[in-house]
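If you're wondering where the values come from, they're calculated on a predicted model, not measured in any experiment. Just so you know, residue 1 is the first one in the sequence shown, and it goes up from there.
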Amino acid sequence: MAENNNNSNSNNGCDLPIKRVRPQEEEEDAMDGVDGGYPSVIPGWFAEISPMWPGEAHSLKVEKVLFQGKSKYQDVMVFQSLTYGKVLVLDGVIQLTERDECAYQEMITHLPLCSVPNPRKVLVIGGGDGGVLREVSRHMSVEQIDICEIDGMVIDVSKQYFPEIAVGFDDPRVTVNVGDGVAFLRESPEGVYDVVIVDSSDPIGPAEELFKKPFFELVARALRPGGVMCTQAESIWLHMPIIEDIVSACRQTFKGSVNYAWTTVPTYPSGVIGFMLCSTEGPAVDFQHPINPIEKQESNVELQRPLKFYNSEMHTASFCLPAFARRAIGSNVQPPLS
């Protein structure tokens, strides 16, 4: 049996205790199958395998499968892992784990919200786990939070198995819309939102439309002058052609700033995920230098859930591109217009 380490590891950003397994017991456990119906290269382990990252797979040891279901749109699974807590999987792809979700949820939310003064109306497309809502709710200036998630099962499962993440749904400022995000934007009034956050899965299946120029045009239409969008924008290690296409589409659509940032999430393929940040024509937005620091709001409000990953230094650093990425997209990102 695995031994529990009751002390939080200082390198574990989301404070989940790490279980350590003696080598002999780990070898014995690897021989035991876990009946769950998930793809496996080692019995008892979940392996994330996809044509979007050919030739590699990321595996987590499974302690127990907690939920399996099939919605109208995708396969949904939750399992208890050995070292990353509970894990949410959609169509065989890890969406979040309890241990490292903070690195994604906090960055995709606070990169845009800390770049504009006093955001009041926020729209979240996707994000059915509630993590982005949880982070938006930290901002006291926000008066209205709309979310449009296509899959109601994701919301229900998240509320049941990830209550500390789905707590974002409890905010009275939140209005939940279950449906297609593209259709929702088509019906939205023009220029109503300060910030639109697109928390999508990869550009296959139900999220495919969310990476194309017509969708970005709908987002730009829904934003006020100087309003900002932040969307999940894949890994610089695995998806540079996709990123180049996203940058190109956004450059054609948004007339303000266009920037690419990235962060580390250990359980995402390559351990890296990126964000596309764009602003509409209007008051200039300098994404690289936050003007609405969430740390100051935290110091004035007693919070039960302090930030675990994001800070202003991480905000600025996230826009630094490695040389190969700078060569590919550096000339196509642009500073705020004067």
Side-chain angles (χ1 to χ4, degrees), residues 4 12-17 19 34-40 44-46 48 60-106 108-109 124-138 145-181 184 197-202 205-207 232 265-268 303-305 308-309:
N4 284 334
N12 177 8
C14 286
D15 303 325
L16 188 74
K19 296 182 179 180
V34 177
D35 185 12
Y38 50 84
S40 178
W45 291 67
F46 168 86
E48 183 172 312
L60 292 177
K61 186 167 177 57
V62 179
E63 290 193 317
K64 184 179 181 180
V65 175
L66 302 174
F67 175 86
Q68 281 187 289
K70 186 173 182 63
S71 73
K72 179 181 177 182
Y73 300 98
Q74 56 203 338
D75 293 318
V76 181
M77 181 175 71
V78 178
F79 68 86
Q80 181 72 42
S81 72
L82 182 66
T83 53
Y84 279 84
K86 291 193 289 289
V87 181
L88 175 65
V89 180
L90 301 179
D91 279 344
V93 176
I94 293 173
Q95 303 301 304
L96 63 84
T97 78
E98 289 182 304
R99 182 178 174 188
D100 64 7
E101 57 88 13
C102 56
Y104 177 82
Q105 312 278 23
E106 293 181 16
I108 196 173
T109 304
V124 180
I125 301 292
D129 53 72
V132 170
L133 297 178
R134 180 193 66 193
E135 296 306 313
V136 174
S137 69
R138 296 180 188 272
I145 309 171
D146 295 335
I147 179 171
C148 186
E149 162 64 48
I150 196 169
D151 197 338
M153 181 180 285
V154 173
I155 297 175
D156 295 338
V157 167
S158 297
K159 288 181 177 180
Q160 181 175 355
Y161 294 100
F162 300 92
E164 292 188 359
I165 299 173
V167 67
F169 286 103
D170 297 336
D171 192 305
R173 295 171 290 180
V174 171
T175 299
V176 178
N177 303 272
V178 177
D180 177 46
F184 182 88
I197 299 171
V198 186
D199 178 13
S200 68
S201 52
D202 294 306
Q232 186 271 107
V265 184
T267 53
Y268 285 173
L303 294 175
Q304 295 180 348
R305 298 177 302 278
K308 296 177 180 179
F309 190 89

What distance separates [X] [atom1] from [Y] [atom2], expressed to the nearest 0.5 Å?
| X | Y | atom1 | atom2 | answer |
| --- | --- | --- | --- | --- |
| Phe79 | Thr97 | CZ | OG1 | 9.0 Å |
| Gln74 | Leu90 | CD | CG | 4.5 Å |
| Ile108 | Ser200 | CD1 | OG | 7.5 Å |
| Ile150 | Ser71 | CD1 | OG | 9.0 Å |
| Leu88 | Glu98 | CG | CD | 10.5 Å |

Minimum heavy-atom distance [X]-[Y], with the two atoms named:
| X | Y | result |
| --- | --- | --- |
| Leu82 | Glu63 | CD1-OE2, 3.3 Å |
| Phe184 | Cys148 | CB-SG, 3.6 Å |
| Trp45 | Lys61 | CE3-N, 3.4 Å |
| Met153 | Val76 | SD-CG2, 3.7 Å |

Practice task
For Ser137, enumerate each residue passing the side chain to side chain donor-acceptor pair (under 3.5 Å) test, keeping only those at least two apart in sequence or located in another chain.
Solution key: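 Applying side chain to side chain donor-acceptor pair (under 3.5 Å) to Ser137 gives none.
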Practice task
Taking side chain to side chain donor-acceptor pair (under 3.5 Å) as the test, write out the residues that go with Glu149, two or more places apart.
Solution key: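 Result, side chain to side chain donor-acceptor pair (under 3.5 Å) vs Glu149: none returned.
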So, [X] side chain and [Y] main chain: donor-acceptor pair closer than 3.5 Å or not?
| X | Y | result |
| --- | --- | --- |
| Glu135 | Thr109 | no |
| Gln95 | Val93 | yes |
| Arg99 | Thr267 | no |
| Asp199 | Val124 | no |
| Gln80 | Lys64 | no |

Distance-only donor-acceptor pairs under 3.5 Å for side chains of residues 127-134, two or more places apart:
from   : atom 1 : to     : atom 2 : distance (Å)
Asp129 : OD1    : Gln105 : NE2    : 3.0
Asp129 : OD1    : Gly131 : N      : 2.8
Arg134 : NH1    : Glu101 : OE2    : 3.0
Arg134 : NH2    : Glu101 : OE1    : 2.9
Arg134 : NH2    : Glu101 : OE2    : 3.4

Exercise for the section: Apply ring pair (Phe, Tyr, Trp, His ring centres under 6.0 Å) to Tyr104 and list each qualifying residue two or more places apart in sequence or on a separate chain. Expected result: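 In terms of ring pair (Phe, Tyr, Trp, His ring centres under 6.0 Å), with neighbours along the sequence ignored, Tyr104 is linked to Tyr268, Phe275.
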Problem - Pairing residues for Asp75 by the salt bridge (Lys or Arg N to Asp or Glu O under 4.0 Å) criterion, not counting sequence neighbours - result: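 Testing Asp75 for salt bridge (Lys or Arg N to Asp or Glu O under 4.0 Å), a comparison that skips the adjacent residues, returns Lys70.
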Practice task
Tell me, with the steps shown, if Ile94 and Phe46 meet side-chain contact (heavy atoms from CB on, under 4.5 Å).
Solution key: CA-CA 10 Å; Ile94 293 173; Phe46 168 86; 3.7 Å; yes
Show the atom names and distances, to 0.1 Å, of all donor-acceptor pairs under 3.5 Å that link a side chain in residues 156-172 to residues at least two apart or in another chain.
from   : atom 1 : to     : atom 2 : distance (Å)
Ser158 : OG     : Val154 : O      : 2.7
Tyr161 : OH     : Leu66  : O      : 3.2
Asp171 : OD1    : Arg173 : N      : 2.8
Asp171 : OD1    : Arg173 : NE     : 3.0
Asp171 : OD2    : Arg173 : NE     : 3.3
Asp171 : OD2    : Arg173 : NH2    : 2.7

